[in-house]
Amino acid sequence: MQIPEYSVDDLQRLYEAGDATAVEVCKAYLARIDALDQQGPMLRAMVELNPDALDMASSLDEERKGQGARGPLHGVPIVVKDSIDTGDQMMTTGGSLALEGNRAAEDAFAVAALRRAGAVILGKTNMSEWGYFRSSRPCSGWSSRGGQTRNPYVLDRTPGGSSSGSAAAVAANLCVGALGAEVDGSVVHPSTMCGLAGLKPTVGLVSRSGVMGVCAQQDTLGPMARSVTDLALLLGVIAGPDPRDPTSAEGASHARADYRDCLDPNGLAGARIGVVADYFGFHEGTDAVVEDAIATMADLGAVIVRDVSLGSHQLLSADELVMCLHTFKVQTNQYLAAHPASPVRSLDDVIEFNRAHADRVMPFFGQEILERANATTGLDAPEYLVAKEKCHRQSRDEGIDASMAAHGLDALVAPTTGTPAFAIDPVVGDKILGGCFPMPAMAGYPHLTLRAGYVNSLPVGVSLFSGPYREPDLLRYGFALEQALPPRRPPEFLATVGGP
């Protein structure tokens with residue numbers, strides 16, 4: 001069967017009407033993966049397919065016949081990033097050849113929630129190796145395990161990092177939705193590069209147990225989809241407390257089982273939205289698309305407040321890097337210690353593996369960030385404590401909180417990235433100019449991006465972010481805006497800008 005860009009609701013209607021089965025749908029998606037990911041444009045969005053996917057789909061079909069749907073994702077094909085544990089035959093490697101063979105004993109909390117809702121976990125997606133935290137000049141979407149993920153819109157352009165494969169898979173219609181993981185932009189950056197809706201939740205709303213992370217103060221999983229509606233559904237499935245992640249207890253009272261009740265086409269009426277001037281001026285095409293989106297918000301009844309500043313628009317502050325270097329070593333060693341199937345047992349082992357296999361692991365760039373992280377001395381180090389305090393104070397008290405209070409705002413708006421997708425360059429590395437994602441990432445606050453338009457066939461995203469646990473508001477505003485914007489354009493897999 002052919003696979004249009006189905007939403008979750010589209011598939012559920014097909015299933016309920018008896019017009020398709022989960023097995024038929026999953027076979028069609030697997031055939032599309034074979035045609036587009038492994039052949040043809042060679043997207044390299046997937047690093048591994050689930051050998052149990054069709055058996056899972058068959059079981060769900062039988063369950064639907066006998067008992068009805070188990071949840072809102074019954075029979076829906078979903079993919080997850082290669083840093084997220086699945087307690088099955090698939091590996092979790094963070095894109096690193098050093099971890100080949102690492103099969104988790106149990107699902108990450110969010111994956112278990114997806115299964116309870118009826119999702120078919122179709123496979124694992126490629127990513128920027130070690131969550132974009134290996135080299136000072138990495139290439140988004142490249143990993144030693146999976147190679148280079150390509151942007152489905154223009155194949156020689158970046159898919160964004162580090163949840164690159166998740167974004168490319170959803171954009172290319174290899175699945176219905178995906179889970180990404182973010183420490184600083186890794187959900188929203190690839191989402192905007194690939195023309196998706198993506199949400200980085202408040203840290204604490206979604207459990208991180210069973211996930212390879214970089215910095216617990218900022219790490220979170222996040223849903224990625226082609227529409228805000230599917231994004232809201234996915235968030236409701238994965239949100240909630242988990243005893244294995246104590247931080248998630250903080251978000252327990254804020255979690256909702258279904259965020260779709262927040263969606264309102266009139267949801268922007270009366271909302272005070274601040275335009276963050278810091279993030280404009282990097283590319284005239286991006287600015288024009290986002291300004292059109294802001295004008296649409298005003299047409300929908302939003303009160304637009306101009307010339308808001310957060311005081312900083314650095315992509316990765318020195319203090320954030322210091323904090324991440326310390327936490328990465330601790331978290332990586334903890335993750336590896338808890339996974340006896342992993343062939344490497346510590347960050348030391350990873351570094352030595354990479355040196356011994358440099359021709360395969362480091363053909364383009366090195367591992368100086370891993371080495372710097374390995375030289376840190378723990379979470380009681382004075383430089384770590386100072387950096388952590390500065391990041392939180394500058395992003396919260398002196399940043400988002402201060403600006404919103406000063407102007408009486410409900411949310412902030414800005415271009416997600418300063419430019420459309422730049423050319424893939426594994427030798428020199430990424431050329432990221434601008435981007436609003438570091439501030440909400442350091443604050444641990446929610447950040448929604450959605451497709452606003454296109455420049456030279458490349459998607460451009462607009463961001464909405466706000467204070468902690470304001471996901472319902474962001475989804476409401478994003479949904480209202482999405483309904484009024486021009487429709488989504490499926491990718492055409494162009495070889496280059498202006499090319500066939």
Side-chain angles (χ1 to χ4, degrees), residues 1-34 37 45-46 48-82 84-92 103-125 166 169-170 172-179 206-207 210 221 223-227 229-240 257-260:
M1 63 184 295
Q2 295 298 311
I3 291 288
E5 288 193 335
Y6 287 132
S7 68
V8 173
D9 284 345
D10 289 337
L11 278 184
Q12 296 303 346
R13 283 192 289 268
L14 281 176
Y15 293 152
E16 288 298 324
D19 293 333
T21 66
V23 169
E24 291 170 340
V25 166
C26 287
K27 282 182 176 178
Y29 277 110
L30 290 170
R32 186 170 175 86
I33 289 170
D34 182 65
D37 201 63
M46 307 299 300
E48 190 171 2
L49 296 178
N50 187 353
D52 301 321
L54 294 181
D55 287 341
M56 292 167 56
S58 177
S59 177
L60 287 163
D61 284 335
E62 291 303 313
E63 185 175 330
R64 183 185 290 273
K65 290 177 185 176
Q67 304 169 40
R70 68 164 62 176
L73 293 175
H74 196 107
V76 176
I78 302 293
V79 297
V80 301
K81 187 177 180 179
D82 186 31
I84 304 171
D85 283 348
T86 53
D88 51 26
Q89 297 186 64
M90 293 188 291
M91 295 182 284
T92 306
R103 291 179 176 84
E106 59 183 332
D107 285 336
F109 178 86
V111 172
L114 290 173
R115 294 196 205 268
R116 286 195 300 273
V120 178
I121 309 302
L122 207 58
K124 292 284 188 76
T125 56
S166 292
V170 177
N173 196 25
L174 308 183
C175 58
V176 176
L179 284 192
V206 177
S207 169
L221 298 182
M224 305 163 79
R226 290 185 290 271
S227 70
T229 300
D230 281 355
L231 201 69
L233 189 155
L234 287 167
L235 179 63
V237 169
I238 63 174
D258 195 337
Y259 284 83
R260 288 174 296 179

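Values below: every heavy atom of this structure, side chains too, minus hydrogens, waters and symmetry copies.
Considering all non-hydrogen atoms of both residues, Met56 and Val120 come closest at CE-CA, 3.9 Å. Heavy-atom minimum distance, Ala178 versus Val170: CB-CG2, 3.5 Å. Listed here is the closest heavy atom pair of Ile238 and Phe109: O-CE2, 4.0 Å. Listed here is the closest heavy atom pair of Ile121 and Ala53: O-CB, 4.3 Å. Asp61 approaches Ala22 most closely through the heavy-atom pair OD1-N, 2.8 Å. Across every non-hydrogen atom of Met90 and Gly123, the tightest pair is SD-CA, 3.7 Å.
Atom OG1 of Thr86 sits about 11.5 Å away from atom CD of Glu106, to the nearest 0.5 Å. In this structure, the separation between CG on Asp19 and CG on Leu11 is 11.5 Å, given to the nearest 0.5 Å. With values rounded to the nearest 0.5 angstrom, Asp9 atom CG is found 7.0 Å from Asp230 atom CG. To the nearest 0.5 Å, atom CG of residue Asp55 and atom SG of residue Cys26 are 11.0 Å apart. Between atom CD1 of residue Ile3 and atom SG of residue Cys175 there is a gap of 11.0 Å, rounded to the nearest 0.5 Å. Rounding to the nearest 0.5 Å gives a distance of 5.0 Å between CG of Leu49 and CD1 of Ile33.
Between the side chain of Glu48 and the backbone N or O of Met91 there is at least one donor-acceptor pair closer than 3.5 Å. Side chain of Asp107 to main chain of Gly87: a donor-acceptor pair is present (N/O by atom type, distance under 3.5 Å, no hydrogens or angles). Checking side-chain atoms of Arg32 against main-chain N and O of Ala172 turns up a donor-acceptor pair under 3.5 Å. Within the 3.5 Å criterion, the main-chain N or O of Met46 finds a donor-acceptor partner in the side chain of Asp37.
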Q: Could you walk me through whether Lys65 and Glu62 pass salt bridge (Lys or Arg N to Asp or Glu O under 4.0 Å), step by step?
A: CA-CA 5 Å; Lys65 290 177 185 176; Glu62 291 303 313; 3.5 Å; yes
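Counting only heavy atoms from C-beta outward, the side chains of Asn173 and Arg226 approach each other to under 4.5 Å.
Among Lys124, Arg115, Arg103, the one residue that satisfies the salt bridge (charged side-chain N to carboxylate O under 4.0 Å, His left out) test with Asp88 is Arg115. Of the listed residues (Thr229, Leu114, Leu179), just one forms a side-chain contact (heavy atoms from CB on, under 4.5 Å) with Leu234, and that residue is Leu114.
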Which atom pairs, one a donor and one an acceptor, fall under 3.5 Å between side chains of residues 72-80 and the rest of the protein, sequence neighbours left out?
from  : atom 1 : to    : atom 2 : distance (Å)
His74 : ND1    : Arg70 : N      : 2.9
His74 : NE2    : Leu60 : O      : 2.7

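With sequence neighbours excluded, the residues that form a side-chain hydrogen bond (donor to acceptor under 3.5 Å, both in side chains) with Asp10 are Ser7, Arg13.
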